[in-house]
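None of the values given here were measured: they were computed from a predicted structure. In listed order, ligands and their atoms are each counted from 1.
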Amino acid sequence: MVKAVLGVIGGSGIYDLPGLREVRWQKVESPWGEPSDALCFGTLGDLPMVFLPRHGRGHRIPPGEINYRANIDALKRAGVTDVVSLSACGSLRADLAPGMFVLVDQYIDRTVARAKSFFGTGCVAHVAFGDPVSPRLLDRLEAAARAEAIALHRGGTYLAMEGPQFSTLAESRLYREWGCAVIGMTNMPEAKLAREAELCYASVAMVTDYDSWHEDHGTVDVAKILAVMHANADSAKRLVARLAADFPAEHEPCPIGSDTALTYAIITAPEARDPALLRKLDAVAGRVLG
Ligand SMILES: CSC[C@H]1O[C@H](OP(=O)(O)O)[C@H](O)[C@@H]1O
Ligand SMILES: Nc1ncnc2[nH]cnc12
């Protein structure tokens, strides 16, 4: 049996997880560089949990400078099987009001200046990503939100922008025409890397604002976001506590194969593989590389 370990990546406004027991912050070394912070290990009920504040405690790191590879690698090394990503986001739809939580099921990646893969020259891999989110995690998040009476919308496309500046009005309108539901700066390449690391992944996008398109709300700024973010953070912590309380002790095989994503993904012939890269892949791809 594979023991379930729930990883939580906390976004803006979420720098700890109250309610964790046996808490210990511990630095995890990664061959991919520095994770955003030490990892916070603990238990909620009987479930082992690992928490990582995406921007570091004190919100030191901007979205474009987060070492997403080190973060996902460190969570993998810590034994995490499932990752819930918590994120502040702007809404691109009138019906998704500030305060609502959206369970994202698709992404559009418009980030441009980030390392997006663990693989590369010396070990090439192409994982499937048509279904980027683990549906079973979504089911569990939906049930937890219902139990906590948190307003939630299931489904929607998250537009990942580079930032750190917010969108222009023209960009905001364009993303609405593309049918996107929410916008943020961090879920890519995080979701791609989680898939490469064979982690089940789901994003909870917590709406803080209407981005720049809404005539009644003007353009977005950090003051508007902060006004909603703290209430969202309290709900998110309740959501996670409920999720953990109902989480199975044994890792459930992912119905879309997130946890076996590398089985047929590596295309480089064994004799052409770069030993130095293979060493860095020990945690992420250890299951298939041996
Ligand atoms: C503080 S507003 C902009 C900031 O918030 C979001 O971060 P996260 O996804 O980590 O909650 C957004 O992506 C920006 O990084
Ligand atoms: N409107 C917005 N655009 C990008 N990231 C955000 N995070 C919170 N609100 C956002």
Answer yes if the side chains of E196 and S117 hold a donor-acceptor pair under 3.5 Å, and no otherwise.
yes
S167 and I183: which non-hydrogen atoms are nearest, and at how many Å?
OG-CD1, 3.4 Å
Do ligand 2 and M161 have nitrogen or oxygen atoms that lie under 3.5 Å from each other?
no
To which protein heavy atom is atom 5 (N) of ligand 2 closest, and what is the distance rounded to 0.1 Å?
G184 CA, 3.5 Å
For ligand 2, the portion of S12 having any non-hydrogen atom under 4.0 Å away
neither
Looking only at side-chain N and O atoms, does N187 offer a donor or acceptor that is under 3.5 Å from a partner on S87?
yes
So that I can tick it off, tell me whether D259 and R287 are bridged by a salt bridge, with the cut-off set at under 4.0 angstrom between side-chain N and carboxylate O.
no
Salt bridge between K192 and D109, side-chain N to carboxylate O under 4.0 Å?
yes
Enumerate the atoms of ligand 2 whose separation from the nearest heavy atom of D211 is less than 4.0 angstrom.
1 (N), 2 (C), 3 (N)
Under 4.0 Å from a heavy atom of T208: give me the atoms of ligand 2 that qualify, with their elements.
8 (C), 9 (N)
Can you list every protein residue that has a heavy atom under 4.0 Å from any atom of ligand 1, sorted by chain and residue number?
G11, S12, R54, H55, P63, S87, A88, G184, M185, T186, I225
Are Y201 and S134 linked by a side-chain donor-acceptor pair shorter than 3.5 Å?
no
Applying side-chain hydrogen bond (donor to acceptor under 3.5 Å, both in side chains), name anything that partners T268, two or more places apart in sequence or on another chain.
none
Answer yes or no: is there an ion pair linking E34 with K27, defined by an N-O contact shorter than 4.0 Å?
yes
Between R24 and F41, is NZ or CZ placed under 6.0 angstrom from the six-membered ring centre and within 45° of the ring axis?
yes
Show the atoms of ligand 2 that are less than 4.0 angstrom away from any heavy atom in I225.
8 (C), 9 (N)
Would you tell me whether T219 and K224 have side-chain atoms, one donor and one acceptor, within less than 3.5 Å of each other?
no
Tell me which protein heavy atom sits closest to atom 10 (C) of ligand 2, plus the residue, atom name and distance to 0.1 Å.
G90 N, 3.4 Å
Ranked by distance from atom 9 (N) of ligand 2, the top protein heavy atom is D209 OD1, 2.7 Å
